[in-house]
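Residue numbers start from 1 in every chain, and the chains themselves are labelled A, B, ... in the order their sequence lines are given, proteins ahead of strands. Every heavy atom of this structure was used, including side-chain atoms; hydrogens, water molecules and symmetry mates were not.
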Number of protein chains: 2
Amino acid sequence: MSESWPHNSSIHAFKQKMPFNQSSIYRALFHAFSSRIQVQREDAAVPNLEKILRATFRLSGRHSFEAMSLRDLSRETGISMGGLYNYIGSKDDLADMIESFMDVHMANTGRQFVNQIQDPRSRLEMSIRVYIYMGEMFQPWYQFIFMETRSMTRRQKEMAKGMEIRDVNMFREVVESGQQQGTFDPLIDAGMVGSSIIAMIQNWYLKNWRFAKEGVSAGDYADFTIRAVTKLLAR
Amino acid sequence: MSESWPHNSSIHAFKQKMPFNQSSIYRALFHAFSSRIQVQREDAAVPNLEKILRATFRLSGRHSFEAMSLRDLSRETGISMGGLYNYIGSKDDLADMIESFMDVHMANTGRQFVNQIQDPRSRLEMSIRVYIYMGEMFQPWYQFIFMETRSMTRRQKEMAKGMEIRDVNMFREVVESGQQQGTFDPLIDAGMVGSSIIAMIQNWYLKNWRFAKEGVSAGDYADFTIRAVTKLLAR
DNA sequence: TAGAATAGCGAGCGCTCGCTCGGTTGGTAA
DNA sequence: TTACCAACCGAGCGAGCGCTCGCTATTCTA
């Protein structure tokens with residue numbers, strides 16, 4: 001998968017290696033949840049799912065998921081109230097689909113890009129880049145998870161915390177392996193570094209309005225972040 | 001004000017220099033908004049305001065401000081529905097009090113600590129420390145602004161964006177002045193540094209659950225952040 | 001092309017929301 | 001002791017919520 005990508009680290013090259021993109025993700029979503037979606041015909045379901053998800057991101061970005069009523073969603077998608085309920089079991093269920101999909105598919109996809117890289121420095125840089133590019137591609141998804149899960153059920157909250165802890169630990173472990181190998185400064189707290197990297201990644205997809213205004217691209221941001229982390233860990 | 005604090009940079013010393021703290025802030029709030037609060041007797045108003053604000057933070061932290069009903073707030077404070085409306089003009093107005101108070105008072109207070117420091121390096125370090133300590137002291141206030149404003153009126157959203165931009169620019173300017181003076185690496189984008197520092201500060205008050213679990217104090221976090229920024233800007 | 005199956009529709013249900021307003025309470029001044 | 005009024009109370013209002021269900025429209029099968 002990533003045999004060629006590291007040699008061209010642009011987001012464009014990255015997108016070509018992804019198993020799904022901003023459009024085809026709705027087909028993947030349909031297959032992941034076809035058992036709990038009442039509509040079985042793919043040609044009918046996938047475009048409607050795309051309408052529903054896009055409208056959900058748009059409306060809950062405007063105010064919040066809780067403030068979005070299913071009547072708003074019906075109006076925005078052009079699908080009737082009854083029609084919506086052929087795709088979701090409840091309003092909570094809609095949020096759960098988004099979160100569960102990310103929990104499984106996004107996390108696995110990201111991991112595939114870095115798992116075969118052994119060298120800690122390359123692996124750290126690649127991880128940062130992949131996470132930022134994923135945040136760029138699926139910005140509404142990540143923002144949704146960050147902003148909305150806390151309003152949800154205990155189960156959903158725990159899932160979100162779990163995802164974040166998993167990510168922090170992934171970065172912490174890369175840093176630790178680099179420290180053991182002597183590449184990175186062993187006096188820096190690896191856990192704090194992991195936490196800070198996650199903060200930087202979240203900063204990218206949460207504050208995209210500001211970066212867009214200032215003409216900072218995802219590639220620029222990844223370069224900056226990698227540089228900052230590299231300097232922090234230099235011996 | 002800060003003639004002695006810089007020589008003892010603990011949060012304890014910082015708290016003693018603050019014009020208000022987690023308790024007395026409600027008296028300050030009362031005086032700031034006495035014109036739009038119907039209850040005029042301070043001895044009645046201040047304790048009730050404290051109950052209302054604390055309960056608002058507690059309830060909107062549990063789910064969200066929008067999901068908090070005024071009946072919830074009434075139950076949690078022990079103040080009747082009608083009683084609440086002697087303190088707030090509307091539910092929106094309650095959020096506006098919180099946001100407006102921070103916009104004016106918090107920002108000014110923070111600025112007073114650093115304005116008389118000229119040396120860019122000291123000023124940068126002091127600023128980071130003050131912002132993190134403020135975030136620690138008034139964590140529910142900052143978290144509220146970060147998480148809830150986007151659900152509010154356009155005016156309130158603009159106010160929140162304005163606060164953030166002002167803070168980013170403050171950090172950007174300190175970095176630039178250090179670059180012009182030759183203290184900091186001039187090749188690092190000062191705007192990006194400012195943005196990253198804000199991200200680190202927000203990371204502190206948004207993820208306090210994780211830092212508490214790992215025994216990281218506000219002072220530890222400030223030290224780490226200052227170290228990271230210093231290394232990034234080193235020539 | 002008839003009949004069955006799937007997809008889509010929207011008025012209406014029970015309920016909770018933000019907010020109001022006429023009434024009650026309790027401390028203070030005359 | 002009485003009269004007053006700031007402070008507080010909570011049942012009730014109209015609107016809008018999530019969700020349902022009897023129905024129609026569309027597509028597939030034979």
Side-chain angles (χ1 to χ4, degrees), chain A residues 26-27 29-30 33-53 55-56 59-60 62-98 148 151-153 156, chain B residues 26 30 33-53 55-56 59-60 62-98 148 151-153 156:
Chain A
Y26 301 101
R27 170 161 280 105
L29 190 84
F30 170 70
F33 295 109
S34 62
S35 63
R36 49 164 147 157
I37 293 173
Q38 290 187 41
V39 177
Q40 287 303 312
R41 268 178 39 227
E42 182 175 319
D43 64 325
V46 171
N48 278 338
L49 268 180
E50 175 161 359
K51 276 187 207 165
I52 292 170
L53 272 281
T56 299
L59 292 171
S60 49
R62 203 129 68 211
H63 296 283
S64 77
F65 182 70
E66 259 166 326
M68 174 193 85
S69 77
L70 292 184
R71 284 171 183 81
D72 292 338
L73 189 59
S74 168
R75 203 175 306 118
E76 189 87 0
T77 55
I79 302 170
S80 67
M81 289 293 293
L84 288 177
Y85 275 84
N86 290 332
Y87 291 93
I88 61 174
S90 66
K91 196 186 175 188
D92 274 355
D93 188 58
L94 170 56
D96 188 69
M97 273 178 55
I98 297 171
E148 312 293 354
S151 319
M152 300 177 188
T153 65
Q156 289 170 324
Chain B
Y26 301 101
F30 171 70
F33 294 110
S34 62
S35 63
R36 48 165 147 157
I37 293 173
Q38 289 185 42
V39 178
Q40 287 303 312
R41 268 180 37 227
E42 181 174 320
D43 62 325
V46 172
N48 278 339
L49 268 180
E50 175 161 358
K51 275 186 206 164
I52 292 169
L53 273 280
T56 299
L59 292 171
S60 48
R62 204 128 68 210
H63 295 283
S64 76
F65 182 70
E66 259 167 325
M68 174 193 84
S69 77
L70 293 184
R71 284 171 182 81
D72 292 339
L73 188 59
S74 169
R75 203 175 306 116
E76 190 87 358
T77 55
I79 301 170
S80 67
M81 289 293 293
L84 288 177
Y85 275 84
N86 291 331
Y87 292 93
I88 62 175
S90 66
K91 195 186 175 189
D92 275 354
D93 188 57
L94 170 56
D96 188 70
M97 273 178 55
I98 297 171
E148 311 294 354
S151 320
M152 300 177 188
T153 65
Q156 290 170 323

A:S69 vs D:dC17: side-chain N/O to OP1/OP2 distance below 4.0 Å: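 For D:dC17, OP1 or OP2 has a side-chain N or O of A:S69 closer than 4.0 Å.
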
B:S80 side chain N/O closer than 4.0 Å to the phosphate oxygens (OP1, OP2) of D:dC8? no

Taking NZ, NE, NH1 and NH2 as the nitrogens, is one of them in B:D72 or B:R62 under 4.0 Å from a carboxylate oxygen of the other?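 Between B:R62 and B:D72 there is no salt bridge, as every charged N stays at least 4.0 Å from the carboxylate O atoms.
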
Are B:E66 and B:K91 ion-paired here, with the side-chain N under 4.0 Å from a carboxylate O? no

In this structure, how many angstroms lie between the [atom2] atom of [N] and the [atom1] atom of [X], rounded?
{"X": "A:E66", "N": "C:dT16", "atom1": "CD", "atom2": "P", "answer": "16 Å"}
{"X": "A:L73", "N": "D:dG16", "atom1": "CG", "atom2": "P", "answer": "18 Å"}
{"X": "B:I79", "N": "D:dG10", "atom1": "CD1", "atom2": "P", "answer": "12 Å"}
{"X": "B:K51", "N": "D:dC8", "atom1": "NZ", "atom2": "C1'", "answer": "12 Å"}
{"X": "A:Q40", "N": "D:dC28", "atom1": "CD", "atom2": "P", "answer": "14 Å"}
{"X": "B:M81", "N": "D:dG12", "atom1": "CE", "atom2": "C1'", "answer": "11 Å"}
{"X": "B:L70", "N": "D:dG10", "atom1": "CG", "atom2": "C1'", "answer": "14 Å"}
{"X": "B:H63", "N": "C:dC17", "atom1": "NE2", "atom2": "P", "answer": "12 Å"}

Are the side chains of [Y] and [X] in contact, using a 4.5 Å heavy-atom criterion?
{"X": "A:T56", "Y": "A:L73", "result": "yes"}
{"X": "A:M152", "Y": "A:D92", "result": "no"}
{"X": "B:I98", "Y": "B:E148", "result": "no"}
{"X": "A:F65", "Y": "A:L94", "result": "yes"}
{"X": "A:N48", "Y": "A:I79", "result": "yes"}
{"X": "B:M81", "Y": "B:L70", "result": "yes"}

Hey, does B:N48 reach any base, or is it just sugar-phosphate, or nothing, if we go heavy atoms under 4.0 Å? sugar-phosphate

Considering non-hydrogen atoms only, spot the tightest contact between A:Y87 and A:I37 and give its length. O-CG1, 3.7 Å

Looking only at heavy atoms, which two atoms of A:M97 and A:L29 are closest? And how far apart? CE-CD2, 3.7 Å

Whichever of A:M68 and A:D43 has its nearest DNA chain D nucleotide further upstream toward 5': A:M68

I want to confirm an ordering. Mapping B:E42 and A:A67 to their closest nucleotides on DNA chain D, which one lands closer to the 5' end? B:E42

At less than 3.5 Å, do the side-chain atoms of B:R71 and the base atoms of C:dG18 form a donor-acceptor pair? yes

Keeping B:Q40 on the side-chain end and B:A45 on the backbone end, is there a donor-acceptor pair under 3.5 Å?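 Side chain of B:Q40 to backbone of B:A45: no pair is present.
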
Restricting both atoms to N or O, compile the protein contacts to nucleotides 23-25 of chain D shorter than 3.5 Å, with distance only.
none

DNA chain C-proximal residues of residues 85-94 of chain B, any heavy atom under 4.0 Å: B:Y85, B:S90, B:K91

What distance separates A:S64 OG from A:L59 CG, expressed to the nearest 0.5 Å? 10.5 Å

Using the 3.5 Å cut-off, write out each protein N or O paired with an N or O of nucleotides 3-5 of chain D and the distance between them.
none

